[in-house]
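This report concerns only the one structure given below.
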Amino acid sequence: MEAEAAAATLNLECCLPVPSVQELAIQQPEAVPPRYIRDHVVGDHVITVNPSSDRVPLIDMNKLVDPDSQDAELRRLHSACKHWGLFQETDGSIVCMKLINHGAADESLRNMKKQAQEFFDLPLEEKKRWGQKPGSLEGYGQAFVISEEQKLDWNDMIFLRTLPHEIRKLDLWPEHPPKFRETLETYSEEMRKVATSLVRSMAMALELEAQEISDAYQEGLYEVRTTLYPPCPEPERVIGITQHADYSGITLLLECGNIPGLQVLKDGQWVTVIPVDGAIVANIGHIMEIMSNGIYKAPDHRAMVNRFKERRSITTFCFPSSSVKIGPAKEFTKSGTPPLYRTLTYAEYRHMFYNRRLDVPFIDMLKI
């Protein structure tokens with residue numbers, strides 16, 4: 001049944017209601033319910049999780065804007081994008097990197113973490129007031145659940161589109177905890193600052209028009225997903241979030257504690273990204289892969305869970321303006337190099353993502 005659903009064209013911009021994993025975990029079950037068990041997925045690859053050897057590059061964003069250090073740090077950024085040491089990249093991929101001195105106010109990060117915890121600490125009935133509505137992924141629930149037979153991820157989440165202001169559905173923005181709305185608004189603005197600065201530096205590293213790309217993200221669309229991964233009695237048999245690559249331009253992830261869970265795939269091995277206090281993890285999405293004509297690639301990643309401790313994360317998906325066409329930059333094709341990807345309007349790109357087969361990687365649908 002799952003294979004048949006994967007091979008069909010599906011509308012993914014909606015989600016069936018599912019039980020709260022947090023409430024299930026509170027009951028302290030001895031075993032995982034069958035619908036969450038993913039033995040065949042977890043065992044698909046030769047897996048090496050090596051938390052003691054985390055070498056995700058640390059990019060200092062202060063140095064990217066300081067004239068005295070900019071050239072050297074841009075080279076480090078470009079090198080991280082092409083040859084990240086931990087993964088021994090030789091194919092031009094950027095997997096992910098950690099940003100320090102990123103410019104986001106520490107108070108904003110602390111406040112958003114606090115609001116995330118307080119939201120998930122609310123009674124279930126209060127959280128369900130902000131639940132997803134038919135035909136929409138926004139609100140409290142899960143994502144991309146399209147059949148009653150589908151295997152489920154071990155998480156609860158609340159997903160909200162936050163910028164620009166006119167796309168907000170405030171009827172889904174929690175009124176409790178009392179400061180959630182204002183904190184999320186401030187946090188979204190901070191993430192926009194980080195994103196516009198980071199894509200400007202990436203454009204400079206790629207020798208593209210930096211101001212044009214930065215402006216596109218200043219006027220872009222931003223979505224925030226706050227996720228709770230409760231403790232699990234059999235963590236080796238479940239997935240926190242299924243393996244995927246992001247369809248954003250870039251994605252910014254804030255860990256709410258020191259519990260690792262994010263893993264990135266390289267050569268059939270899963271490598272754990274160890275949280276660094278105060279850092280933001282950034283990874284490339286499909287839009288940046290397409291714009292760079294494949295110089296950078298959006299990495300497959302997933303989330304795993306812990307037997308004894310919960311993990312929370314706050315993920316911001318950053319998109320350029322909806323007026324920007326999604327396609328390879330002209331600088332990469334004008335010398336006769338063929339474009340590797342189609343050029344689409346933002347509306348066409350979004351429609352393709354949310355109306356597709358699940359058994360074909362989205363990026364493959366965009367290749368020429």
Side-chain angles (χ1 to χ4, degrees), residues 42 45-64 73 76-77 79-89 93-104 106 109-110 112-114 116-117 153-155 157 191 194 198 225-232 235-236 238-246 248 250-285 296-317:
V42 175
H45 304 283
V46 177
I47 300 174
T48 299
V49 178
N50 192 1
S52 64
S53 300
D54 183 37
R55 302 176 192 168
V56 179
L58 280 171
I59 303 299
D60 189 332
M61 293 190 69
N62 277 349
K63 292 182 179 179
L64 287 173
E73 197 69 7
R76 288 192 72 243
L77 174 64
S79 177
C81 292
K82 294 184 67 178
H83 310 288
W84 185 25
L86 174 63
F87 293 98
Q88 299 298 315
E89 284 297 331
S93 299
I94 175 171
V95 178
C96 62
M97 57 192 159
K98 293 174 182 172
L99 308 177
I100 59 173
N101 296 324
H102 38 67
D106 289 343
L109 304 189
R110 286 194 303 270
M112 194 62 226
K113 292 178 186 180
K114 183 173 184 289
Q117 178 175 348
D153 292 343
W154 192 264
N155 74 64
M157 64 176 65
M191 291 302 100
V194 175
L198 181 58
R225 184 186 70 208
T226 304
T227 311
L228 173 74
Y229 305 93
C232 178
E236 71 282 356
V238 307
I239 298 288
I241 285 186
T242 305
Q243 175 182 345
H244 67 285
D246 295 336
S248 57
I250 60 171
T251 300
L252 304 173
L253 180 138
L254 177 67
E255 295 280 8
C256 295
N258 61 2
I259 304 299
L262 173 64
Q263 295 184 338
V264 184
L265 184 65
K266 174 66 172 95
D267 293 339
Q269 298 181 337
W270 288 103
V271 179
T272 301
V273 180
I274 303 301
V276 172
D277 187 39
I280 294 172
V281 177
N283 72 263
I284 292 296
Y296 303 158
K297 289 183 173 64
D300 273 14
H301 52 284
R302 68 181 186 182
M304 303 304 287
V305 300
N306 189 282
R307 183 182 300 274
F308 303 109
K309 296 183 179 181
E310 72 177 25
R311 171 178 171 250
R312 295 182 305 278
S313 66
I314 302 163
T315 307
T316 306
F317 302 97

| Looking at OG1 of Thr226 and CD1 of Ile314, how far apart are the two atoms once the value is rounded to the nearest 0.5 Å? | 5.0 Å

| For the atom pair OG1 (Thr315) and CE (Met191), what is the distance rounded to the nearest 0.5 Å? | 11.0 Å

| note | All heavy atoms of Gly285 vs all of Ala298, minimum pair found to be C-CB, 3.6 Å

| task | Quick one: list whatever passes side chain to side chain contact (heavy atoms under 4.5 Å, CB included) with Arg312, sequence neighbours left out. | result | Gln117, Phe120, Leu228, Cys256, Glu310

| Chi angles and distances behind the side-chain contact (heavy atoms from CB on, under 4.5 Å) call for Tyr229, Ile241 | CA-CA 9 Å; Tyr229 305 93; Ile241 285 186; 3.1 Å; yes

| So, for Val194 and Met61, which heavy atoms are closest and what is the spacing to 0.1 Å? | O-CE, 3.9 Å

| task | List the steps, then state whether side-chain contact (heavy atoms from CB on, under 4.5 Å) holds for Asp153 with Arg302. | result | CA-CA 11 Å; Asp153 292 343; Arg302 68 181 186 182; over 6 Å; no

| field | Polar side-chain atom of Glu73 near backbone of Asp60 as donor-acceptor pair, under 3.5 Å | value | yes

| salt bridge (Lys or Arg N to Asp or Glu O under 4.0 Å) involving Lys309 - partner list, sequence neighbours excluded | none

| So does Lys63 have more than 12 non-hydrogen atoms from other groups sitting under 6.0 Å from NZ? | no

| request: Hey, could you give me the CG/CG distance between Leu64 and Leu198, rounded to the nearest 0.5 Å? | output: 8.0 Å

| Taking Trp154 for the side chain and Pro230 for the main chain, is one N or O donor matched with an acceptor at less than 3.5 Å? | yes

| task | Mind checking the OG-CG spacing from Ser248 to Asn283? Nearest 0.5 Å is all I need. | result | 6.5 Å

| message | Please find the pair of heavy atoms, one from His244 and one from Thr242, that lie closest to each other, and give the distance. | response | ND1-O, 2.8 Å

| request: Considering non-hydrogen atoms only, spot the tightest contact between Pro235 and Asn306 and give its length. | output: CB-C, 4.2 Å

| Gln243 and Gln263: side-chain contact (heavy atoms from CB on, under 4.5 Å), yes or no, with the steps? | CA-CA 9 Å; Gln243 175 182 345; Gln263 295 184 338; over 6 Å; no

| Minimum side-chain heavy-atom gap His301-Asp246 below 4.5 Å | yes

| request: Locate the shortest heavy-atom distance separating Phe317 from Thr251; write the atom from each residue and the value. | output: CD2-OG1, 3.6 Å

| query | Hey, what do you get for CG (Leu109) to CD1 (Ile280), rounding to the nearest 0.5 Å? | reply | 5.5 Å

| remark: Shortest non-hydrogen pair, Val305 vs Gly240, comes out as CG1-CA, 3.8 Å

| task | Show the numbers, then the answer: is there a side-chain contact (heavy atoms from CB on, under 4.5 Å) between Met304 and Thr272? | result | CA-CA 9 Å; Met304 303 304 287; Thr272 301; over 6 Å; no

| task | Begin from the C-alpha positions of Thr227 and Asn155 and carry the test side chain to side chain donor-acceptor pair (under 3.5 Å) through to its verdict. | result | CA-CA 7 Å; Thr227 311; Asn155 74 64; 5.6 Å; no

| remark: Sorted by chain and number, sequence neighbours left out, salt bridge (Lys or Arg N to Asp or Glu O under 4.0 Å) with Arg225 holds for none

